[in-house]
Amino acid sequence: MQYFVGEQEYFKGIGKIPFEGKGSRNPLAYKYYDAKRLIGGKTMEEHLRFAVAYWHSFCADGTDPFGSSTITFPFAKSDRWEHAVAKADAAFEFITKLGAPFYCFHDIDASPDHDDAARYEKDYHRMADELLRRQQESGVRLLWNTANVFTHPRYMNGAATNPDFNVVSRAAVQIKASLDVNVKLGGANYVFWGGREGYMSLLNTDMKREQEHLARFLMMARDYGRSIGFTGTFLIEPKPMEPTKHQYDYDAATTIAFLEHWGLEKDFKCNIEANHATLAGHSFTHDLQVCADRGLLGSVDANQGDIFNGWDTDEFPTNVYDTAQAMVVILKNGGLGNGGLNFDAKRRRNSTDDEDLFIAHIGGMDSFALGLEIAQSIIDDGIFDDFVKARYSSFDSGEGKRFAEGKMSLSELADHGRGATIEKRSGKQEYLNNLLNSYLFG
Ligand code: XLS
Ligand code: CA
Ligand code: CA
């Protein structure tokens, strides 16, 4: 992939990020991510399928509830359309210099928002042509897009689950347009994150009705997407709260139960974000495993939270304990299929240099590359697998096998129990923790 330069170069002085290997101290070089290196028969690039998130990298300017923007973008323009075009140039320059194969965006990250629906649609389709040309020139592909139906005040009571039908229908304008744009750009997936699909108080909420409306809306979106030639995967991204108090897609297990209840599991999978899993009180690996066990692991939003406050701080992933364990689940799942690892992560608001955006992504990519390498050796050696297999071996033969295969009644099970000899068997937690350390640190 050659790097892309539009009207002008925005990240001057930074070229294509090279792989320099472990010993390098160059902040603008990869230490572990070597795109073409083979691990278990596939290149790192094919395994990891990294994507850059438009909203954090090219829109979020460091504003937080206590302070105004700290980050000045080199592509800033006063006219909104010109700003969006310059942003697209800067985004593709950044992504190609980084060497990431994919990107992701919300409609209004890429294209100006307008209250006038027709004007919104017109600009969005025009912008899709701009993006398509840049995709073709650079080779960068769309991992997924989505519609932002949570920021505008009209969505303060939800989008698909809004108690006002007119708001539900206005959300459809954005979601329909986003599916049209997805197909134009050859998107691999389409995401629904239900930011305000939840509630604050049951005193004003008919939860059953809202969930029925959500299911109805998703069925309509699926049918429309398929009718215009979308062959990718629809993804639901669980999150327990923030901004609503109770979000309907709380975690992977809740989301899967919802999908299966409404018969949506053939078209929809989950997009698991690490920081959302931890916000729900689970580990990142837990939510990945819940999806993998049901064949519904679609894609990943790669980030990490702050261990001390649990909030959705969207930090770049640097914790190799987590990336290694996540990659074990992903490799055993046979990879991510259409999905990828999207950096839904932002640099801290005091990281104000343009190069900080590169350094943040390099760290995330290196952490997952190292995690991949470690995960492959864990799987190749099979010590953890053998341990777990042996732990359940009483179900592999005899009466235990009959139980597992559903060939036993409760009375027969109790008959066995009366004469059963129970031996104490250690779960060996500390041994396994130490073993994991030996893969991480040699
Ligand atoms: C917010 C979500 C959001 C989705 C896309 O917490 O992570 O950014 O990924 O709407
Ligand atoms: Ca996300
Ligand atoms: Ca998040």
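Whatever order the structure lists ligands and atoms in, that order sets their numbers, starting from 1.
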Ion pair [X]/[Y], N-O distance below 4.0 Å:
{"X": "Lys332", "Y": "Asp385", "result": "yes"}
{"X": "Arg80", "Y": "Asp123", "result": "no"}
{"X": "Arg216", "Y": "Glu212", "result": "no"}

Distance filter under 4.0 Å to [X] heavy atoms, resulting ligand 1 atoms:
{"X": "Glu273", "answer": "7 (O)"}
{"X": "Asp312", "answer": "6 (O)"}
{"X": "Asp301", "answer": "9 (O)"}

With respect to Arg154, which candidate in Asp115, Asp164, Asp113 satisfies the salt bridge (Lys or Arg N to Asp or Glu O under 4.0 Å) definition?
-> Asp115

Short side-chain to backbone donor-acceptor contact, [X] and [Y], under 3.5 Å:
{"X": "Ser351", "Y": "Arg347", "result": "no"}
{"X": "Arg134", "Y": "Ser138", "result": "no"}
{"X": "Ser24", "Y": "Glu20", "result": "no"}

Specify the protein heavy atom at minimum distance from [atom]: its residue, its atom name, and the distance to 0.1 Å.
{"atom": "atom 8 (O) of ligand 1", "value": "Asp344 OD2, 3.3 Å"}
{"atom": "atom 10 (O) of ligand 1", "value": "His106 NE2, 2.7 Å"}
{"atom": "atom 6 (O) of ligand 1", "value": "Lys239 NZ, 2.9 Å"}
{"atom": "atom 3 (C) of ligand 1", "value": "Trp193 CE3, 3.6 Å"}

May I ask whether His276 has any heavy atom positioned less than 4.0 angstrom from an atom of ligand 1?
-> yes

Mind checking whether Val191 has a heavy atom under 4.0 Å from ligand 1?
-> no

Apex the Ca ion (ligand 2); atoms Asp344 OD2 and Glu237 OE2; angle rounded to 10 degrees | 160°

Roughly, to 10 degrees, what angle do Glu273 atom OE1 and Asp301 atom OD2 form around the Ca ion (ligand 2)?
-> 110°

Is the distance from the Ca ion (ligand 3) to some N, O or S atom of Asp312 under 3.0 Å?
-> yes

Aromatic contact, His361 with Phe94 (centres under 6.0 Å) = yes

With respect to the Ca ion (ligand 3), what is the nearest N, O or S atom of Asp314?
-> OD1

Heavy-atom pair with the smallest gap, counting every atom of Phe284 and Ala326 = CE2-CB, 3.5 Å

Quick look: Glu237 vs ligand 1, heavy-atom contacts under 4.0 Å, and the answer is side chain

Ligand 1-proximal atoms of Asn148, by part, heavy-atom distance under 4.0 Å | neither

Examine Lys87 relative to Phe58 and say whether NZ or CZ is less than 6.0 Å from the centre of the six-membered ring and inside a 45° cone about the ring axis.
-> no

